[in-house]
Asker: 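Quick one: this structure, given as structure tokens, is what I'll be asking you about.
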Amino acid sequence: MLVWAGSIVIGIILLVVFGDRLSDKIVEVAEKAGVSPLIISLVVISLATTLPEITTSAMASITKAEGIALGNALGSIFANIALILGLASVIRPLKAGSGAYENSLVMLASLGFLMLLSVDGTLSRLDGALLLVAYALYLRWLYKKHFRKGRESGAERHTKATALDYVLLLIYGGLMVIGARLVVYGGRNIAEALGVAEYVIGATIVAIGTSLPEMTNALYGAIRERGSISVGNIIGANIMNALVVLGLASLIRPIPTGASTLTIVLVLMAMLPMIAELKRSGGLDRRIGFYFLILYAAYLVLLFSGAKL
């Protein structure tokens, strides 16, 4: 058991550390290639904090651990709101940016689209492709919406990326794959040893571990009184979890979705009040933060109490 737990810990460390380095290097290479700051902010920065989830769910799907793939993505969505935003808004009430409410509606729509595709009990390869197309359409919408601003503020760089830049991209990416493989290996064996479903491990231990970048950014934003960072990053990460993480995982291998009902119900119980509060006050206060944390505690109890059913 200790070996498997150690495998998860080491894997998460690799995912978080080298995911951060990989995202920084991607930004650097994109800037050297003359990619506009707008595209970098829309694609690369939102990708940065979800690289651990993407890598882990893809690896879980490749190794036929579909429960971990699904649990990691949905568990991360719930942890991002109920645990991470809960902690951040309890530390300090969060004032979100002007676009937070509008993008939170996209987050809700992404979950709704995912639920619609899952109604037959499986995310097929076609469903995965549709999820990825939906994310591409979202990026197109964002790009068109902010195109003028990006053109006016963008400044191209003409320095070319070096061979070392690309080698480091490969190295960091390879280390993340190793980290994801360790997490899946440990999670699958712990699930078997404890007699719980892979989904439960994926939705709790793995999901919290791969959500550490979001937690770091959200808590940093709360402490520095930059609530727009905390809220905006979580909204973007959740859209990517629903559309990209599960889109890629189900494109690799169809994923049964029957185990996800409890998580989706509780995600809605967190997401809907969050959206309503963003519309009402433009932020999240301590009251809703405590509600989120209570909801997450209830989730853990319900999930593990029903794990052997």
Side-chain angles (χ1 to χ4, degrees), residues 1 4-5 7-8 11-12 15 50 52-83 110-111 114-125 127-128 131 180-212 237-238 240-271 295-309:
M1 184 73 74
W4 300 328
S7 175
I8 292 177
I12 288 173
L15 286 168
T50 49
E53 287 97 327
I54 292 171
T55 311
T56 301
S57 284
M59 182 59 66
S61 190
I62 290 171
T63 57
K64 301 183 180 180
E66 295 93 337
I68 291 178
L70 180 66
N72 176 47
L74 292 179
S76 291
I77 292 173
F78 189 54
N80 283 343
I81 299 176
L83 178 61
S110 300
L111 181 66
L114 176 64
M115 292 168 61
L116 179 64
L117 295 178
S118 304
V119 73
D120 61 353
T122 303
L123 282 175
S124 66
R125 287 188 172 92
D127 294 335
L131 290 170
R181 186 69 185 90
L182 289 171
V183 169
V184 174
Y185 167 78
R188 168 178 275 174
N189 282 284
I190 286 177
E192 291 178 355
L194 296 177
V196 301
E198 286 182 354
Y199 178 86
V200 174
I201 300 298
T204 53
I205 298 171
V206 176
I208 292 173
T210 57
S211 295
L212 287 176
N238 281 351
M240 185 165 278
N241 270 305
L243 301 180
V244 178
V245 176
L246 283 176
L248 180 59
S250 56
L251 193 62
I252 294 170
R253 189 182 306 277
I255 298 175
T257 58
S260 65
T261 303
L262 172 64
T263 305
I264 288 178
V265 168
L266 289 174
V267 166
L268 288 172
M269 289 177 65
M271 193 177 287
L295 197 63
Y296 197 77
Y299 171 67
L300 294 179
V301 172
L302 290 171
L303 199 61
F304 280 100
S305 66
K308 295 184 179 182
L309 296 179

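Since the model is a prediction, treat every value here as computed from it, not as a measurement.
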Asker: Looking at A203 and A207, what are the two nearest heavy atoms and their distance?
Answerer: O-CB, 3.5 Å

Asker: Can any side-chain N or O of S7 pair as donor or acceptor with the backbone N or O of L182 at less than 3.5 Å?
Answerer: yes

Asker: Does any non-hydrogen side-chain atom of L268 lie less than 4.5 Å from one of M115?
Answerer: yes

Asker: Does anything in residues 243-257 pair up under side chain to side chain donor-acceptor pair (under 3.5 Å), and if so which pairs, sequence neighbours excluded?
Answerer: none

Asker: If I take atom CD1 from residue I252 and atom NZ from residue K64, how far apart are they, to the nearest 0.5 angstrom?
Answerer: 13.5 Å

Asker: Would you say L74 and V267 make side-chain contact, with heavy atoms under 4.5 Å?
Answerer: no

Asker: Quick one: ring pair (Phe, Tyr, Trp, His ring centres under 6.0 Å) partners of Y299, sequence neighbours excluded?
Answerer: F78, Y296

Asker: Do the non-hydrogen side-chain atoms of V244 and L131 ever get within less than 4.5 Å of each other?
Answerer: no

Asker: What is the minimum heavy-atom distance between P256 and P254, and which atoms define it?
Answerer: CD-O, 3.8 Å

Asker: Identify the two heavy atoms, one from Y199 and one from S260, that lie closest to each other, and give their separation to 0.1 Å.
Answerer: OH-CA, 3.6 Å

Asker: Taking S124 for its side chain and D127 for its backbone only, find out whether a donor-acceptor pair lies under 3.5 Å.
Answerer: yes

Asker: Does I205 have any side chain to side chain contact (heavy atoms under 4.5 Å, CB included) partners at least two apart in sequence or in another chain, and if so, which?
Answerer: I8, I201

Asker: Can you check whether T63 reaches Y185 side chain to side chain, under 4.5 Å on heavy atoms?
Answerer: no

Asker: Are N80 and N241 packed together at the side-chain level, in the sense that at least one heavy-atom pair is separated by less than 4.5 angstrom?
Answerer: yes

Asker: Is the shortest side-chain heavy-atom distance between M271 and I77 below 4.5 Å?
Answerer: yes

Asker: Which heavy atom of S211 sits nearest a heavy atom of E53, and at what distance?
Answerer: OG-OE2, 3.6 Å

Asker: Would the distance check show the side chain of S61 and the main-chain N or O of S57 forming a donor-acceptor pair, the cut-off being under 3.5 Å?
Answerer: no

Asker: Would you mind reporting whether L70 and E198 have side-chain heavy atoms less than 4.5 Å apart?
Answerer: no

Asker: Do you know the tightest heavy-atom contact between L246 and A69?
Answerer: CD2-O, 4.0 Å

Asker: With side-chain contact (heavy atoms from CB on, under 4.5 Å) as the test, pick out the partner of L262 among I264, V265, L266.
Answerer: L266

Asker: How far apart are the closest heavy atoms of T210 and S76, and which atoms are they?
Answerer: OG1-OG, 3.6 Å

Asker: Kindly say whether I68 contributes a backbone atom to a donor-acceptor pair with the side chain of N72 at under 3.5 angstrom?
Answerer: no

